[in-house]
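One structure is given below, encoded as structure tokens.
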There are 2 protein chains.
Amino acid sequence: MDSSKYKMWLQYEICTVEQVNVQYQSLLRNVVIKGNDPIIFSAKDELQRAVKGMLDHELSWTENVQEANFVIGNINEVADFLKEEQRQLLTDLTEEGYIVQTSNQKTYIVGNTDKGVLYGVHHFIRLMQINSDLSQLQIVEQPKNQFRMINQWDNLDGTVERGYSGQSIFYQNGKIVKDKKRIRDYARYLSSVGINAISINNVNVWEEETYFITNKYLAEIKAIADIFSAYAIRLYLSINFASPMAIDGLSTADPLNKEVKQWWKEKVAEIYEYIPDFGGFVVKADSEHRPGPFTYNRDHADGANMLAEALEPYDGKVVWRCFVYNCLQDWRDRATDRARAAYDHFKPLDGRFHENVLLQIKNGPMDFQVREPVSPLLGAMPQTNQLVEFQVAQEYTGQQIDLCYLIPQWKQVLDFDTHIKGTGSTISEIVAGNIHAYKYSGIAAVSNIGDDENWTGHTLAQANLYGYGRLIWDPSLSSQEIAEEWISQTFGNQKEVVEKIGSMLLSSWTIYENYTAPLGVGWMVTPGIHYGPNIDGYEYSRWGTYHFADREGIGVDRTIETGTGYTDQYEEPNRSIYNILSECPDELLLFFHHVPYKYTLKNGETVIQHIYNTHFKGYEQVEDLMDSWNSLESLMDNDRFKNVQDRFRRQKINAKEWRDQINSYFYRKSGIADQYNRTIY
Amino acid sequence: MDSSKYKMWLQYEICTVEQVNVQYQSLLRNVVIKGNDPIIFSAKDELQRAVKGMLDHELSWTENVQEANFVIGNINEVADFLKEEQRQLLTDLTEEGYIVQTSNQKTYIVGNTDKGVLYGVHHFIRLMQINSDLSQLQIVEQPKNQFRMINQWDNLDGTVERGYSGQSIFYQNGKIVKDKKRIRDYARYLSSVGINAISINNVNVWEEETYFITNKYLAEIKAIADIFSAYAIRLYLSINFASPMAIDGLSTADPLNKEVKQWWKEKVAEIYEYIPDFGGFVVKADSEHRPGPFTYNRDHADGANMLAEALEPYDGKVVWRCFVYNCLQDWRDRATDRARAAYDHFKPLDGRFHENVLLQIKNGPMDFQVREPVSPLLGAMPQTNQLVEFQVAQEYTGQQIDLCYLIPQWKQVLDFDTHIKGTGSTISEIVAGNIHAYKYSGIAAVSNIGDDENWTGHTLAQANLYGYGRLIWDPSLSSQEIAEEWISQTFGNQKEVVEKIGSMLLSSWTIYENYTAPLGVGWMVTPGIHYGPNIDGYEYSRWGTYHFADREGIGVDRTIETGTGYTDQYEEPNRSIYNILSECPDELLLFFHHVPYKYTLKNGETVIQHIYNTHFKGYEQVEDLMDSWNSLESLMDNDRFKNVQDRFRRQKINAKEWRDQINSYFYRKSGIADQYNRTIY
């Protein structure tokens, strides 16, 4: 477990650029780090590792700040040694903020708290890894988002729901793992990109996992919580809403029932005895057959508030998921529209949630498709804390077999202007708490890691985990900046490597979209598995996921006048842009409108010809990706090279299936030939 | 385990027709049964049970034939008491033949062997169950087919491949069951309908089942063999072709390798030490990823003959399955036709197999679809013993949730005239060994039973197991005769019950066909599961199972001139009947031809209108079945009534899905409206 693939972006390879090495050696001559919190020890440990690896020397620590030429500590510890302007800079930052500055020939990493110190140290190390000039640092940083969360969908039996990287690193064969080294390393990676919260079990809480909040498991979960705590990451648990019944045989889980409320209060007290900095609960309720308040004719606010009351005394939070829809829909029923569900369920409840409740809302109205519009629920509840939910795991975007760098997709979501309080009401500003006065808000995402040696199955999928953390810390970073940072840290700073992999990553989402479901209609995947094409796979199913392709045309009419009225959930001008056929952007056309195959897109192609063109092109682009990767063989270790090469081999097979099935399906249905006479079967 | 549903067709309910009861009491006054073979004890036991149940009296057995008025025994035991003409009748029969005759006020059940005695006793009991007049019996019987076999697809872990009736009665949790009462009862049911061979493990032989032919399991398998032996049923085992490698680490399983041959000889000797009347091996080789001779550039004859040589000294047989096809086909490749595979593989090998090898050939060229033509391989190898293979388990015909009485389908197969040696070369005569001089031949079928209390999930699916045995004993029985026999024995002789259930059974295959895949094209089922509609489920897959529906038409062109040439595998006139569009029977049209939706069938409907009509009708017919069943509530026990009622509830849901998905799919594709304007979604 000391291989290059294991080490992800914290490689700490020897710095071979002499001039840089000399500068770093000199800067790190005499380092002091103040404080005794485990977080400080984590920062210290990380810096030691980095210096040992990159400069091949053991750091010489001093206790004396005066003597040191490199000062690390929180503002309280080192205030006396700071200039007034440095103190002022810090005062303007949140508790996670920090400065990394050169002043009087010394380097200072100072945080408002130890958390800031840890982030500052990671920042400094990152700069070392990309061989930056560190002689004149003037960094002032704080995260844009308050909540920066990861959700593990790990099960106690060791499986990971929608996991594409092996088994769980937390659980094996029905037990919490004994050896927690790997969990600690995971905490290092997460903290290096600023993650500050993690839920460690699947939102679908099964029978045995229900007992995580009992003394059967709490001692061991505390051990995990302590590991994450030392990296400034608070631990959350997904809970079973019916716990009072399952665990203690209560006759009800009605959130308004006195006994139930009391049960949760006592339960929460017990948890905090074990884990004083416990984060709170993540809840998937009344969704896809999970229990919830509906059983008792209560609503989501009743359910969430009952838990919130129990957690309030301890500063605990309730993260309540809004992935609620009718998963037993009749495909014959064209009026019910799954896309409407989250908004229809939750919008009317605005103002009813306690202030320590956060609603976690998937980025799109469906489910992590390669292309969807932004969920209209985001920002639509001014009085309710919100988190946007991304999925780092590539459930519908190639499952870490196909390359799909998701940062551009998430950026598009964050940059989307809802116009909810006028121009500039972007998702980014909403979840940062700058549009409505949210007490808590931010971003959560489903993890993509498992116990594969390289953590993510596809080595290049590490970029999604890295990028997720970096992006939500600072959404102003470009996809390219993030990609290049990651490549340099992961594969070194060779220009050819950085450029080629960079361009592969940046094109990969579009390529994946090219050969899969066209124009925003989504799905068309193998049911259950969600990998590979099955165009009608969900077409006659209960999941509410249709394309309605017939011999004349395709797409879902979600307009106000003739469709499901979904477009009405948006503010103007988005409402009209989506509702009016001629205004609707090409890439979402079939999400909002049912059109004939011969309908002409804004790009000048007909829908059918666009389908053919993108699918032939997508496959060719995968061939190009493969060639591009193969040209890098001599520039990296064989292990990672082969891993990615093998993934491209598999991606090519997948892309070919998608290309041919999609083309054949639509050719058979439309009867319209490809204008370039390419082979359609 | 003494419930009505458990007892299937051996209910032995008290005979309430006084006159009949009196007659039977009188006939069975003083019974002698001669012989000491376990088979004789089985016959005796069965007659005792029957008399105890139906007449509520304990049989009084005598040892003295002179004194007895009811004489049972094989011809050697009772020859002195028979008339010359009776002896003559028996001489003309096979070893399984028997007579049941009234002579000089006495009843005789005499078989050529003890097997015949057991069958004769069962015959007599059957007549009692249907309250026949038994005063003047003149029955002379023998089975039409030599091999009457059942294949269990049971796995050691307790699952049953394509099992729809619970878990295995042979295995639980990786072990052979200790309590073998249920196996013994199964032997009773099978022998009551004349089954004389059984293979007790899945043709897909997995890792641990490979060891069935070793001393790890042989003692327990011998115990099972003994149970079946006592019911005149020989036990077979499915084997792993690669056993020499798996079990003893040989470096090859090449059938021409000396060591491998020797290994099998020793292995067979070992088996026969445990089980002197062991039947032989069932082999699925080089099929669906199972190992076989192809690995060593040998053919099926090489593989089968190697095993045959080892078995020959013991009169053992090799049952070699012909379900061999390319299951990694590329759907883009329209030249490869799965339907051709068995014939293409095996026909050239005619004459090369040892005489103790039997080829087991599925009834159709695909895989137990609701409608297929008869396999052209049947009868096409004059010098090679053949078994036709049916599937009692309703894998593709409703899985014992939907009612589908399969006897009419099997009769159609048996009645099919191949014309291979002129008119009258029916499958029935071929597998009876009357067309070619087969040394061994007959019929095998995949079982439909499991450990559900009623054995078959759907109580009415018991009729398929019963009917299978009866039909292959005497293919001249009509589907109605078999149905009525079964109903009387199972539910009693009330006229309304016999008529209503009879008519339900007889219509059920057509009804199932009406609402599922149309006109012989097959498939359109959920992949893997094979229940419920998924019209394109196999359309872009590797299994070779396509319908090629596009906006103009549907069907597979298997003609000689423009298609795959499959029709050429038939003899005239079948070749032309299938090959010429205008000659092809409607029900197989889409199996042989690709036609426009507006093509007019012989029945006057267009293909598309026929699809709509049959699908609307099929669903209505299921409603009628349900009504018909509900009208029987007062005429039977609640337990079986509810079981079947619940199945119809589920069948209705399934039929509705099929109706609507098929209609919508073809309406969307063809754009042609239903001429009666019924609801299509």
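Each chain gets a letter, A, B and so on, in the order the sequences are listed, and its residues count up from 1.
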Item to complete: Return the minimal non-hydrogen interatomic distance between A:Y540 and B:E657, and the atom names on each side.
Response: O-OE1, 4.0 Å
Practice prompt. Heavy-atom distances under 4.5 Å only: say whether B:F548 touches chain A with side chain, backbone, both or neither.
Written response: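 Contact with chain A is through both the backbone and side chain of B:F548.
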Worksheet item: Quick one: CG on A:D536 to CZ on B:R668, what's the gap to the nearest 0.5 Å?
Response: 7.5 Å
Fill in: Interatomic spacing from CH2 in B:W331 to CG in A:D660 - rounded to 0.5 Å
5.0 Å
Fill in: Test item: B:K656 and A:R332 side chains (from C-beta on) under 4.5 Å apart, heavy atoms
yes
Worksheet item: Do side-chain atoms of B:R551 reach the backbone of A:S670 as a donor and acceptor pair under 3.5 angstrom?
Response: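 Yes.
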Item to complete: Count the heavy atoms belonging to other residues, nucleotides or ligands that lie under 6.0 Å from CD of B:E561, then report whether that count exceeds 12.
Response: yes
